[in-house]
Colleague: 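Dropping the structure in here first, questions after.
For the numbers below, each heavy atom of this structure counts, side chains included, while hydrogens, waters and symmetry mates do not. Each chain gets a letter, A, B and so on, in the order the sequences are listed, and its residues count up from 1.
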Amino acid sequence: MSEFHIYNSYTRQKEKFAPITPGYAGLYVCGPTVSGESHLGHARPYITFDVVQRYLTHLGHKVRYVRNITDAGHFEEEGRDAQDKVSEKAKLEKIEPMEMVHKYTSLFHYGMRLFNCSEPSIEPTATGHIIEQIDMIQTIMEKGYAYEVNGSVYFDVTKYAADYPYGKLSGRVLEDQLETTRDLDGQDEKRNKVDFALWKKAPPQHIMRWNSPWGEGFPGWHIECSAMSSKYLGVTFDIHGGGMDLQFPHHESEIAQSTIAHGHAPVNYWMHNNMITINGKKMGKSYNNVIKLSELFSGNHPLLEQPYHPMVVRFYILQTHYRSTLDFSNEALQASERALRRLWEAYEVLKKLNHSGNATPQETALDAQVTTWCHECADFMNDDLNTAKVIANLFELAPVINGIKGGQVAPDALSADTFSLLNDTYRIYLEEILGMQALQVEQTDKLDKVLSLLIEIRKDAKKRKDFATSDLIRNQLAESGVMLKDEKDGNVSYTIE
RNA sequence: GGUCGGAUGGCCGAGUGGUUAGGCUCAGCUCUGCAAAAGCUGCUACAGCGGUUCGAAUCCGCUUUCGACCUCCA
């Protein structure tokens, strides 16, 4: 595909991406609820949409990427006692709500940095946009699609569904919802069970509360995304992303609210990433099978055989198409680790190859093949972000790179143009679009000098056929995580784990 | 129960009508003081049963089975 196509969850088909304003792209992604630490499952949307953002930028769009922080806390809408998640947890931990919100927001940012996820252009918080949310609720009420009961405001889903295609995004029928929605206590206020809260009256013990035309309370879960996305991206914007599990009710409700408040649908392209599973089950709080990011990086979790580098996790996620489920296993992560090491090593080799090159290639067939592999990367990205295939092609190119270095491939096998294309492809796709970084520790000059000294001593020992000394140096360094490699030309290189 | 989506070689995972996906593992070879790395070669699968077709992993039907959503959830 020569143009960027994305699978639109709303229409259930791949569509050519055409931004509302040519040259600009608006992207909104549902961010974290900072009432706890992020886990492996959360990493997927943020990494996926980081690649979306990077790719849109690569295509020349000026991207405004908005990712919110949910710090107001939702209530258990259909649940037992209406309660604010954030403040409840805070009481248990005996810290202030703001303290906890700050703590988990910082941890989230730390994780994002390790994953090399670009910062969003705007990261709005729900608590910072209470006024916007109240305004939007009022508009919906004025239009007659919301009603107040006892200090709470609910969206009238039944009325909405009579006029608009409610349930289209999540593929469900209102009648079924009316029948299958559970009968729970404390829902007498609502006209219909399917109605969702826009504003909720705060019970006396509730810590987080704001004044509103309906008394003290707090906003419903869905309204924050609608209020903030329309404020920063406009009442209709290009792409809205998030996990598949948010399709219903969260995204469906966003569509309903915005459609009434603004008179038309809010989003042109809905993108949803699939779940990460563990032993076949979705990773989630309710299943008690989460691996937190800090545990993943430290290896400190019963299910983990070893720690995993953030880049390994990123690579592991991008090796699978974002709309497929991805099953966690130590074996899969370890395979990704080895694979990434090899691929990145090839990239390092490529950067160091000196290739003046000729106008015509020495091996035409190989030259043509390399050119094809390079050009295909764009097609794969354009085909709904097929990062798996991009990575496959980068692997196809690795033996060519290593072959040039190792002498199995002639230095002038590729033309100068093709060689330059190969360089660009690795830099652009591996580094800029997939956002991969080196696994190994950044080397300081001092360390390099020490290692160079050891390498010289070992070279000398080898020359004297003193293999005992040379092996001692190599083995001792290996134990410290420094791997020496004897190159063909007699040079020695090293990598640090 | 309703809606939707899967089932691919030892493992992970692309792929929608005919062509080698790719990675990891494993085996052999080349290079090498040895090792590692690298290169080459091999292992070739599409849940089952029917159907459509010259030809199906890919389309249709049925069966089995797993999961997601329907409740906070990335």
Colleague: Produce the list of close N/O pairs, under 3.5 Å, pairing protein atoms with atoms of nucleotides 27-33 of chain B; give distances to one decimal.
Modeller:
residue, atom, partner, partner atom, Å
B:G33, O6, A:Ser470, OG, 3.2
B:G33, N1, A:Asp471, OD1, 3.0
B:G33, N2, A:Asp471, OD2, 2.9

Colleague: By the 4.0 Å heavy-atom rule, please label A:Ile276 as base, sugar-phosphate, or nothing.
Modeller: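 If one applies the 4.0 Å heavy-atom cut-off, A:Ile276 turns out to touch a base.
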Colleague: Just distance, no hydrogens or angles: give the donor-acceptor pairs under 3.5 Å from side chains in residues 401-410 of chain A, sequence neighbours left out.
Modeller:
residue, atom, partner, partner atom, Å
A:Asn402, ND2, A:Ala398, O, 3.4
A:Lys405, NZ, A:Glu487, OE1, 2.9
A:Lys405, NZ, A:Glu487, OE2, 3.2

Colleague: Only pairs at least two apart or in different chains count here, so list each salt bridge (Lys or Arg N to Asp or Glu O under 4.0 Å) that has a residue in residues 334-347 of chain A.
Modeller: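 Listed by first then second residue: A:Glu337-A:Arg341, A:Glu345-A:Lys485.
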Colleague: Measuring only the P atom in each nucleotide, how far is B:A47 from B:G10? A whole number of Å is fine.
Modeller: 13 Å
Colleague: B:G39 phosphate, OP1 or OP2: any side-chain N/O from A:Asn402 under 4.0 angstrom?
Modeller: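 Answer yes for this pair, as a side-chain N or O of A:Asn402 is under 4.0 Å from OP1 or OP2.
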Colleague: Dot-bracket notation for RNA chain B is requested: 5' to 3', Watson-Crick or G-U wobble pairs only, both distances under 3.5 Å, with ( ), [ ], | and . as defined.
Modeller: (((((((..(((.....[...))).(((((.......)))))....(((((..]....))))))))))))....
Colleague: Decide yes or no for A:Pro32 and A:Ile69: does some side-chain heavy atom of the first lie under 4.5 Å from some side-chain heavy atom of the second?
Modeller: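 Yes; the side chains approach each other to less than 4.5 Å.
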Colleague: Distance check: side-chain N/O of A:Ser493 vs OP1/OP2 of B:A37, anything under 4.0 Å?
Modeller: no
Colleague: Only counting residues at least two apart or in another chain, list the ones meeting ring pair (Phe, Tyr, Trp, His ring centres under 6.0 Å) with A:Phe49.
Modeller: none
Colleague: A:Asp327 side chain: which of B:A14, B:A74, B:G13 is closest?
Modeller: B:G13
Colleague: Are any non-hydrogen side-chain atoms of A:Met436 and A:Glu431 less than 4.5 angstrom apart?
Modeller: no
Colleague: Could you tell me whether A:His272 contacts a base, only the sugar-phosphate backbone, or nothing, with contacts defined as non-hydrogen atoms closer than 4.0 Å?
Modeller: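 If one applies the 4.0 Å heavy-atom cut-off, A:His272 turns out to touch nothing in the nucleic acid.
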Colleague: OP1, OP2 of B:C24 versus side-chain N and O of A:Arg342: anything below 4.0 Å?
Modeller: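 Indeed, a polar side-chain atom of A:Arg342 lies that close.
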Colleague: Does the structure place the NZ or CZ of A:Lys168 under 6.0 Å from the centre of the six-membered ring of A:Tyr166, at an angle of no more than 45° from the ring's axis?
Modeller: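 No, A:Lys168 does not sit over the ring of A:Tyr166.
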Colleague: Using a 4.0 Å heavy-atom cut-off, does A:Glu396 contact any base of the nucleic acid, only the sugar-phosphate backbone, or nothing at all?
Modeller: sugar-phosphate
Colleague: Could you work out the separation of B:C26 and B:A36 based on their P atoms and round it to a whole Å?
Modeller: 11 Å
Colleague: For a 4.5 angstrom cut-off between non-hydrogen side-chain atoms, does A:Phe115 reach A:Tyr46?
Modeller: no
Colleague: Distance between the C1' atoms of B:C46 and B:A7, in whole angstroms?
Modeller: 10 Å
Colleague: Taking for each residue the nucleotide of RNA chain B with the nearest heavy atom, is it A:Glu345 or A:Tyr46 whose nucleotide lies nearer the 5' end?
Modeller: A:Glu345
Colleague: Is A:Gly242 touching bases, backbone alone, or none of the nucleic acid, heavy atoms closer than 4.0 Å?
Modeller: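 Touches sugar-phosphate only.
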Colleague: Among B:C24, B:C69, B:A14, which nucleotide has an atom closest to any side-chain atom of A:Ala339?
Modeller: B:C24
Colleague: I need the full list of salt bridge (Lys or Arg N to Asp or Glu O under 4.0 Å) pairs touching residues 115-125 of chain A, with sequence neighbours left out, sorted by first then second residue.
Modeller: A:Arg67-A:Glu123
Colleague: So, A:Ser294 and A:Glu37: side-chain donor and acceptor under 3.5 Å apart, yes or no?
Modeller: yes
Colleague: Could you tell me which residues satisfy ring pair (Phe, Tyr, Trp, His ring centres under 6.0 Å) with A:Tyr65, sequence neighbours excluded, listed by chain and number?
Modeller: none
Colleague: Who pairs with A:Tyr269 by ring pair (Phe, Tyr, Trp, His ring centres under 6.0 Å), at least two apart in sequence or on another chain?
Modeller: A:Phe17
Colleague: Would you please name every residue forming a side-chain contact (heavy atoms from CB on, under 4.5 Å) with A:Val492, sequence neighbours left out?
Modeller: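 side-chain contact (heavy atoms from CB on, under 4.5 Å) check on A:Val492 returns A:Ile455, A:Arg458, A:Lys459, A:Leu484, A:Asp486.
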Colleague: Below 3.5 Å between N/O atoms, which protein atoms pair up with nucleotides 9-11 of chain B? Just atom names and distances, please.
Modeller:
residue, atom, partner, partner atom, Å
B:C11, O2', A:Glu331, OE1, 3.3

Colleague: Are any of the side-chain heavy atoms of A:Ile6 and A:Leu385 separated by less than 4.5 Å?
Modeller: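 Not in contact.
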Colleague: Grab the N/O contacts between the protein and nucleotides 63-68 of chain B below 3.5 Å, and write none if there aren't any.
Modeller:
residue, atom, partner, partner atom, Å
B:G67, OP1, A:Lys281, NZ, 2.9
B:A68, OP1, A:Lys282, N, 3.2
B:A68, OP1, A:Tyr287, OH, 3.1

Colleague: Check side-chain contact (heavy atoms from CB on, under 4.5 Å) between A:Arg113 and all other residues, then give those that pass, not counting sequence neighbours.
Modeller: A:His109, A:Tyr110
Colleague: To the nearest 0.5 Å, how far apart are CG in A:Asp238 and CG in A:Leu27?
Modeller: 9.0 Å
Colleague: Taking only side-chain N and O atoms of A:Arg338, does any of them lie within less than 4.0 angstrom of OP1 or OP2 on B:U25?
Modeller: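 Yes, because at least one side-chain N or O of A:Arg338 sits under 4.0 Å from OP1 or OP2 of B:U25.
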Colleague: Looking only at side-chain N and O atoms, does A:Asn386 come under 4.0 Å of OP1 or OP2 in B:A14?
Modeller: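 It does not, given that no N or O in the side chain of A:Asn386 lies less than 4.0 Å from OP1 or OP2 of B:A14.
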